Amino acid sequence: MPLSDYDPASLPDLLPLYYRRLFPFSQYYRWLNYGGVQKNYFQNREFSFTLKDDIYVRYQSFSSQIELEKEMQKMNPYKIDIGAIYSHRPNQHNTVKSGSFQALEKELVFDIDMTDYDDVRSCCSAADICSKCWTLMTIAIRILDRALREDFGFKHLLWVYSGRRGVHCWVCDEAARKLTVAARSAVAEYLSLIKGGEETMKKVVLMDPIHPFIRASLAVVNKYFLRYALQDQDILGQKESVEKVLALTPEDILFNNSHPLIFRTVSLSKLKHSFKIMLQYCYPRLDVNVSKGVNHLLKSPFSVHPKTGRISVPIDIGNLDAFDPFAVPTISLDRPMEAEDEENAEETKENDKDAADRRKIRGDEV
Amino acid sequence: MQFSERRKRVGSRPQAELYGQPLQFYGQPPLENISLTEFETFAVDRLKLLKTVENVGVSYLKGSPQYVKKLVAESKNLNFPYRLEPDKRRKDHISHFILRLAYCQTEDLRRWFIQQEVDLFRYRFNDLSPKQKLEFLHRNNLQYDTIGIEEKKALKDKLLNSSPGVSGITVEDQDFYKVPFQDALDLVRTRKVYLKAGYVYIPHQEIVTIVLNDFRTRLSKALALTARSLPAVHSDERLQPLLNHLSHAYVGQDYSIQKNVGKISLEQIDSLSGKSYPLCMRHLHQALRENHHLRHGGRMQYGLFLKGIGLSLEQALQFWRSEFIRGKVDADKFDKAYAYSIRHMFGKEGKRTDYTPYNCMKVILSNPPSQGDYHGCPFRHSDPELLKQKLQFYKVSPSGINQVDTTFSLNHPNQYFLESQKVFGGGRDLKREMDATQKAKENSVVKASNVKQELPTNGPENVAEMEDLDSIFQEP
C-alpha cells in the first residue's frame, strides 16, 4: 500500500471503523490478562491515549474487556500506549495516598529505531525506511531474539512493527515482568555494543577474548553483511563512506594494500573479517532508557501510526526474512472493508499473536 | 533484646543451631538477656575488631596473604579469635547487633559500619572450607549450585571466553556455580560472565563477590529499619550514653570547633608550613605558592585544614585571593568563581554545613589524586621515589621515616599541627614522649596511615643518614 494513499486527515473517519471492526479486542485482552492468575492484573494496568488534536491522556484503566472496547470506541484514540501494572487502578490514582501509588510490574521491552542508524545508512535518513535498510531491523531482531531466549532464558517474546521506522519487543515472561529497574538496565547493557555519540568514530569496543554473545551475534551479522553493506548500502561506492570505512579498518589490513583505491578491489572477505566494522554497521542500536523503566509507556501492538496509517502488527519470527513493512495493513484502504478482507486481516493478526499468546496463557506460562 | 542486671540465660534452641555454624548473615537478632557489663564489653571489643579491620585494610591489599596474616595476628590480641569457636559465636552475634544500634543513625556511620562488616565477612567467608561454603549458601537461601565436571568440560571454551579472570586452570581447579542472572547484575551488565538460559556461571573466586553484595544489601536494609526503631532504644537511659560513645569513638576529635580562631596571622603561614604542617599540607602549600593555583580537591583538603588551625573566613578569603591573583585569575574572577566555595567551606553558603577538616583516613581513602592534583596522602599516593626525594628535601631522618606507630596514633593532619605547636611551645614532657616513641617498628615500604614523622630538624648532620633512605624503599 503506497504511503501516498494515506491521508492523516481521514483518521477521524477511519478510526471508528477500525475500532469497531478490526481491532482484536479478545486476543488483546487475553494477552494482557495473563490468564487471570494475578488479581486485578488487567484492572491495574495503565493505558494512555493520544486523542485528536494531540490531546494526551494518561492513567486510563479498565475493569473488563467490555469496558475497554466501549471506551476505545468512544474516544477513538489516534495512538495507544501500554504502561505498567500499578498498585491501584490507574484511573483512581488521585484518590490514593501520595507515595503509595507505585508501578509494580511490566513486560521487559525494547525499541529499535532506524534513526539511530543514520550514520551508517546512505539510502534514507530520519523517519524514512526502504527495503535496503530494513535489513538492519532483520539483523537486530535475530540477534536480540536469540540472546533473549538462549542467554536469558526468556520464552514469550512478541516482536511488533512500530508502524513507521522501527520494531519493538515485548518480553512477557513472568520473570521478565517482575524485573527491577536495575535488572532491566543490566539486560539492556548486556545487549548493547555500540557506544559513543556524534564525535566518536569508533563506536564498537571489543574485548579479547570475544564473549560468546558477541560471537553468536557476529554469526548473524555475517549472514547478512555482504548483501547489506556492500550491495544495498554500497559502502565502498562513495568517497565519504570509503573514508569512514578506512577510519575503522584495523591497520594490518590497510598496510597490506598501499593505496586506498586498491582497497576497493581487494578481496572483500578481508573486510568481512573485520569484526568491528561489521558490528558498527549492523549491530542493533538500543535505547536503554526505554527498557530501563518499569513505568515507561510504549506504543501498543495494533495501535495505528498516525503519520503512516500503518497498523503496529506483530512480526512472525518464523518467517522473518519475508516480512515487508510496506505490505503491512493500513487503516486506509481504497475500498470499503469487505468481509473477506476483514477475515484475512484478522487471521494474520491472530496467527501471529495467538501463537505467542497461547503459549503464555496455557500451562507453559512460568 | 531485653536488658537487665540478671545474669544471662542460655540461648533458645534455634540460636544454639545458629551457633553451630561458623558464619552467619546476622538475619535474626539475638533473643536473650544479657548484663549491662556484657553489653558494653561485647560492643567495645567488636568496635576494636572493626577498627583493626579498617587499619589492616588500609595498609595491605585486601585478601592478600599479608593482609590475612596481619588480621589473624591483630585479632588474636583482641578477644575475637579469627576463627570463631562456638563460644565466641554468641559474642559475635550479640556484638554485631549492638553496634547496629550505634551505627545506624547517620549516613556516614552506616557507610563505615557496613564497609568494615563487609570486609570482616569476606575474610571469614574465604576462610571456610568449600563444603562449609556451600552449606552456608544453602542455609541462607542462596540457591547457587555447583555444576558437574561433565558440564564444566562441555562449557570450557565458553567459560574461558566470557570471564576475564578465568583461565584454563581456573576451569579445571575451581568449582563453578550456577546463579540466577538477577543475582549477578554487575557481571551481566558488563558482560564479564557466561550467561545461558537465565543463569550465569561463576567461578568460585567470584561467588564471594555475589555473597558479599547480598550481605551488604541485607545489612543496609536492616540498618535503615533499625534507625526507625531508635527512639525506643534511646529512651532507655542506660543505653544512650554508651551508644553515643560507641558511635563517636571511631571519629575521634574532628577539629571542627575552632578554638584558635584569629590566633594565626597570614604572615605566619609560610613558616608554619615548614615547621608544623604534616607532609600532605606542606606539599599542597608549596604547590599553591608555586602555581598560584590549586584544583578543587586540593582547595578542599588544604582549605579545611587552614580552617582547623584557626584561620577565619576573612583571612582565608584574603589568603586564597592574594595567591590566585598572582596567577592567571584576576580579582573579579576570583570573587565570582572561587570565593563562593571558600565561604561554603565555612558554612556560609548553601545548606550551611560547617565542613570538618579531613582526617587521615579520609585523605587517604577518598578522591585519589590524578594528573594535576596535589592533594591526597603522599605516603599513599606518591611514587616512592618522589616521596623519598621529598622527605630528603624536608630533611627528615631515616629513623623518623621508619615508623608505623600505633601507640601515638596520628590520624588527623590538624592533630599533627597541634602536637607540633605544643612541642615548639615548649611542652617538654610531650617532646620526650615523642622521642621515646621513635623506635623503628617495621622496615617495610611506607604506606598509609599512622606514620609518625619526626619533626624536621634543620641541620646538615642528617645528610649521611639520607643515603640510607634507599634501603627503606626497597620492597621487603
Side-chain angles (χ1 to χ4, degrees), chain A residues 105 108 143-157 171-195 204-219 275 279 283-284 286 288-289 291-292 294 364 366, chain B residues 141-145 147 151-172 176-203 206 209-210 212-218 220-221 224 228:
Chain A
E105 296 187 18
L108 172 63
I143 289 180
L144 295 175
D145 193 77
R146 184 213 69 81
L148 288 167
R149 284 181 206 277
E150 289 177 21
D151 294 3
F152 285 97
F154 293 126
K155 298 190 176 67
H156 305 294
L157 276 65
V171 185
C172 304
D173 296 55
E174 187 179 345
R177 286 180 268 132
K178 289 177 158 46
L179 287 176
T180 61
V181 170
R184 284 164 208 259
S185 129
V187 174
E189 288 193 48
Y190 175 91
L191 298 169
S192 298
L193 206 53
I194 310 280
K195 306 210 192 281
V204 175
V205 179
L206 283 185
M207 304 287 172
D208 186 31
I210 297 186
H211 191 279
F213 164 75
I214 299 184
R215 212 176 270 279
S217 307
L218 273 169
F275 298 148
L279 291 172
Y283 187 84
L286 303 171
V288 176
N289 290 315
S291 311
K292 257 184 2 192
V294 178
D364 330 6
V366 173
Chain B
N141 286 323
L142 295 171
Q143 293 305 337
Y144 306 156
D145 283 308
I147 61 176
E151 195 179 348
K152 224 184 2 168
K153 246 198 244 175
L155 294 175
K156 184 173 173 189
D157 281 332
K158 299 236 162 80
L159 294 173
L160 277 178
N161 286 331
S162 355
S163 319
V166 168
S167 65
I169 302 178
T170 321
V171 179
E172 302 244 351
F176 271 73
Y177 294 78
K178 233 169 98 162
V179 174
F181 83 88
Q182 291 93 328
D183 291 353
L185 290 180
D186 282 333
L187 292 172
V188 171
R189 178 195 312 276
T190 51
R191 218 185 295 119
K192 286 200 158 81
V193 72
Y194 178 56
L195 174 63
K196 184 172 104 164
Y199 287 89
V200 294
Y201 290 73
I202 302 192
E206 297 202 17
T209 318
I210 311 250
L212 280 178
N213 281 340
D214 200 297
F215 180 72
R216 185 189 287 268
T217 319
R218 291 186 198 204
S220 183
K221 281 193 192 138
R228 273 179 235 169

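All chains are named by letter (A, B, ...) in the order of the sequence lines, taking the proteins before the strands, and each is independently numbered beginning at 1. Since the structure is predicted, the reported quantities are computational estimates derived from the model, not experimental observations.
- For a residue to count as touching a neighbouring chain, one of its non-hydrogen atoms must lie under 4.5 Å from one of that chain's; by this rule B/V200 does not touch chain A.
- Rounding to the nearest 0.5 Å places OG of B/S163 at 7.0 Å from NE2 of A/H211.
- In this structure, NZ in B/K158 is found 14.0 Å from CZ in A/F213, a value given to the nearest 0.5 Å.
- At a threshold of 4.5 Å between non-hydrogen side-chain atoms, the residues A/L179 and B/F181 count as touching.
- Closest heavy-atom contact between A/A182 and B/R189: O-NH2, 3.8 Å.
- Ranked by heavy-atom pairs under 4.5 Å with chain B, the first of A/L148, A/T180, A/V187, A/D151 is A/D151.
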Exercise. Test side-chain contact (heavy atoms from CB on, under 4.5 Å) on B/R191 and A/L191 and set out the steps.
Key: CA-CA 9 Å; B/R191 218 185 295 119; A/L191 298 169; over 6 Å; no
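- A/I210 CD1 to B/S162 OG: the interatomic distance, rounded to the nearest 0.5 Å, is 12.5 Å.
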Exercise. Output, in order, the C-alpha distance, side-chain angles, deciding distance and verdict of side-chain contact (heavy atoms from CB on, under 4.5 Å) for A/Y190 and B/L195.
Key: CA-CA 10 Å; A/Y190 175 91; B/L195 174 63; 3.7 Å; yes
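- Considering only residues two or more places apart in sequence or on other chains, A/V181 meets the side chain to side chain contact (heavy atoms under 4.5 Å, CB included) condition with A/V294.
- No more than 12 heavy atoms of other residues, nucleotides or ligands lie within 6.0 Å of OH in B/Y199, so this atom counts as exposed by the packing criterion.
- Checked against salt bridge (charged side-chain N to carboxylate O under 4.0 Å, His left out), B/R218 has the following partners two or more places apart in sequence or in another chain: B/D214.
- The line from OG1 of B/T190 to CD of A/E189 is 9.0 Å long, rounded to the nearest 0.5 Å.
- Using a 4.5 Å cut-off between heavy atoms, B/L160 touches chain A through its backbone atoms (N, CA, C, O) alone.
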